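A quick note: this is a predicted structure, and the numbers were derived from the prediction, not measured.
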Amino acid sequence: PKTHRTHAMPSEVLKRGRLINKELTKVFLNKQTFTSRNRRNGQLDTNSLWKKGVKDYNMFVKKGVPNDSSFAVNVLVDASGSMKERVDTTGATKLTKATEATAMIEEALRDLVPVRITYFTAAYDQVLHSTVKDFNQSSKETLSWKRLPAFQNLANRDGYSIKVGTRELLKRSEQKKILIILSDGLPTVPSDSMGQKEVHEAVREARQAGVIVIAIAFGSEQEMAQNKNVYKEMYQNGIIMARPDEIHKYLSKTIQTEINK
């Protein structure tokens with residue numbers, strides 16, 4: 001089940017998303033080569049021969065290669081009980097900040113690449129997923145802001161969800177596949193240590209399959225300092241550990257770094 005927000009997305013979140021969109025447009029489009037028309041050199045464009053009569057000699061075309069660097073992005077958001085803990089003096093929770101970051105990411109990728117956004121949680125041997133936006137589903141609204149999963153205060157099994165998210169990406173035809181995980185980074189199922197090991201294995205398998213993995217951490221500054229080594233062990237690289245209002249400063253740079261590896 002999902003609940004629906006009625007209040008508008010904070011303007012600052014939208015602003016940050018649009019800022020990243022401009023940056024990622026350059027990142028993604030730089031990986032593609034498009035046909036360039038109205039040139040003064042290249043192959044003659046027969047559809048532009050009329051220009052000669054008006055002494056416009058921009059009649060040539062340079063054909064680009066087929067798009068061999070298309071992208072798809074899968075976003076996983078931890079919606080477990082620990083994500084409902086307060087993260088700062090304003091009373092905001094980790095999940096509140098993660099939801100804002102998710103909406104920012106959706107805006108950042110709008111009209112650029114297919115995006116899927118899924119919230120996850122777990123209870124004992126059951127893992128629950130709630131997809132609020134699917135690949136190729138377009139909307140003028142920011143769906144990850146409007147639609148929220150109605151999960152109870154359950155546990156989290158990040159590794160299992162990462163494996164599912166990877167499988168979903170591998171079904172796609174795009175050449176480049178990116179998996180972004182927003183979590184407080186402490187899987188509790190099947191146990192703390194086993195859960196962390198499962199994440200490590202899931203991330204390794206994803207990268208071996210060619211999937212780019214990026215992890216965004218949430219929690220107080222003290223929590224993130226304590227969890228830094230755990231994140232490093234689970235994800236190795238592609239990690240963003242920053243204040244929620246500063247994630248936008250690192251996201252496009254991290255994506256570009258991981259793409260260029």
Side-chain angles (χ1 to χ4, degrees), residues 3 5-28 73-113 115 117-120 132-133 141-149 151 156 158 178-186 212-232 234-235 237-259:
T3 58
R5 275 200 179 102
T6 55
H7 60 283
M9 182 170 63
S11 59
E12 193 61 30
V13 173
L14 180 62
K15 180 181 177 181
R16 291 170 186 158
R18 289 178 174 172
L19 176 64
I20 302 173
N21 181 273
K22 290 182 180 179
E23 296 171 351
L24 290 181
T25 296
K26 298 175 184 177
V27 172
F28 290 136
V73 179
N74 200 358
V75 181
L76 299 175
V77 189
D78 180 1
S80 62
S82 63
M83 289 291 285
K84 296 178 182 178
E85 297 172 357
R86 293 182 179 181
V87 73
D88 58 29
T89 55
T90 68
T93 66
K94 298 176 192 175
L95 185 57
T96 299
K97 295 299 183 181
T99 302
E100 290 180 355
T102 303
M104 178 186 71
I105 291 171
E106 184 179 348
E107 285 297 326
L109 298 173
R110 183 180 292 279
D111 299 326
L112 285 180
V113 297
V115 182
I117 300 172
T118 300
Y119 286 79
F120 67 89
V132 296
K133 183 188 181 302
E141 293 184 313
T142 309
L143 296 179
S144 61
W145 178 258
K146 287 290 185 180
R147 302 173 176 177
L148 289 175
F151 290 146
N156 56 310
D158 300 46
I178 303 174
L179 183 65
I180 302 176
I181 304 101
L182 295 85
S183 175
D184 61 4
L186 297 176
I212 296 166
V213 180
I214 295 173
I216 303 177
F218 289 87
S220 66
E221 291 183 19
Q222 181 180 359
E223 281 180 300
M224 287 199 286
Q226 292 173 344
N227 297 340
K228 186 175 182 178
N229 290 336
V230 175
Y231 255 87
K232 189 70 176 177
M234 292 192 299
Y235 292 98
N237 49 58
I239 301 168
I240 298 176
M241 275 193 163
R243 289 164 47 98
D245 59 353
E246 294 184 343
I247 291 173
H248 67 286
K249 297 180 181 179
Y250 302 95
L251 183 59
S252 60
K253 183 178 180 180
T254 301
I255 289 175
Q256 185 169 11
T257 298
E258 295 302 313
I259 287 173

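Between Arg86 atom CZ and Thr96 atom OG1 the span is 10.5 Å, to the nearest 0.5 Å. Tyr119 OH to Leu76 CG: the interatomic distance, rounded to the nearest 0.5 Å, is 11.5 Å. For the atom pair CZ (Arg147) and OG1 (Thr142), the distance works out to 11.5 Å, reported to the nearest 0.5 Å. Separating the CZ atom in Arg16 from the NZ atom in Lys249 is a distance of 9.0 Å, to the nearest 0.5 Å.
Between the side chain of Glu223 and the main chain of Ser220, a donor-acceptor pair closer than 3.5 Å is present. When atom types are taken as modelled, the side chain of Tyr231 and the backbone of Gly185 share a donor-acceptor pair closer than 3.5 angstrom. Remark: the backbone N or O of Leu143 is paired with a side-chain donor or acceptor of Glu106 at under 3.5 angstrom. Thr99 places a side-chain N or O within 3.5 Å of a backbone atom of Leu95 that can act as its donor or acceptor partner. In this structure a side-chain-to-backbone donor-acceptor pair under 3.5 Å is present from Asp78 to Ser80.
Contact annotation: the side chain of Asn74 never approaches that of Ile180 to less than 4.5 Å [non-hydrogen atoms, C-beta and beyond]. Residues Ile20 and Met104 are in side-chain contact: their nearest non-hydrogen atoms beyond the backbone lie under 4.5 Å apart. With contacts defined as side-chain heavy-atom distances shorter than 4.5 Å, the pair Gln256/Lys26 does not qualify. Within the 4.5 Å cutoff, the side chain of Ile105 has heavy atoms near those of the Ile216 side chain. Using a 4.5 Å heavy-atom threshold, the side chains of Met224 and Phe218 count as separate. Counting heavy atoms from C-beta outward, Asn227 and Leu186 have side chains that approach closer than 4.5 Å. The shortest side-chain heavy-atom distance between Ile259 and Val27 falls under the 4.5 Å cut-off. Counting heavy atoms from C-beta on, the side chains of Thr102 and Leu182 come closer than 4.5 Å.
Classification of Glu23 and Lys253 as a salt-bridged pair fails, no side-chain N sitting under 4.0 Å from a carboxylate O.
Judged purely by distance below 3.5 Å, without hydrogens or angles, the side chains of Thr93 and Glu85 never pair a donor atom with an acceptor atom.
When the shell of 6.0 Å around CD of Gln222 is examined, it contains 12 or fewer heavy atoms from other residues, nucleotides or ligands.
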Could you pull out all donor-acceptor pairs under 3.5 Å where a side-chain atom in residues 7-15 meets a protein atom, sequence neighbours excluded?
none

Between Glu221 and Arg243, does a side-chain contact (heavy atoms from CB on, under 4.5 Å) hold up when you go through it step by step?
-> CA-CA 8 Å; Glu221 291 183 19; Arg243 289 164 47 98; 4.0 Å; yes
Can Glu258 and Asn237 be said to form a side-chain contact (heavy atoms from CB on, under 4.5 Å), step by step?
-> CA-CA 9 Å; Glu258 295 302 313; Asn237 49 58; 3.7 Å; yes
side-chain contact (heavy atoms from CB on, under 4.5 Å) between Ile255 and Ile214, intermediate numbers included | CA-CA 8 Å; Ile255 289 175; Ile214 295 173; 3.5 Å; yes
In sequence, state the C-alpha distance, the side-chain angles, and the governing distance for Val132 and Trp145, and then conclude on side-chain contact (heavy atoms from CB on, under 4.5 Å).
-> CA-CA 9 Å; Val132 296; Trp145 178 258; over 6 Å; no
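A search for side chain to side chain contact (heavy atoms under 4.5 Å, CB included) contacts involving Leu112 returns Asn21, Leu24, Thr25, Phe28, not counting sequence neighbours.
Here the closest non-hydrogen pair linking Ala101 and Ile247 is CB-CD1, 4.2 Å. Residues Ala92 and Lys97 approach most closely at CB-CE, 3.7 Å, considering heavy atoms. Annotation for Ala103 and Ser144: closest pair CA-OG, 3.4 Å, computed over non-hydrogen atoms. Nearest heavy atoms, Lys94 versus Gly219: CE-CA, 4.0 Å.
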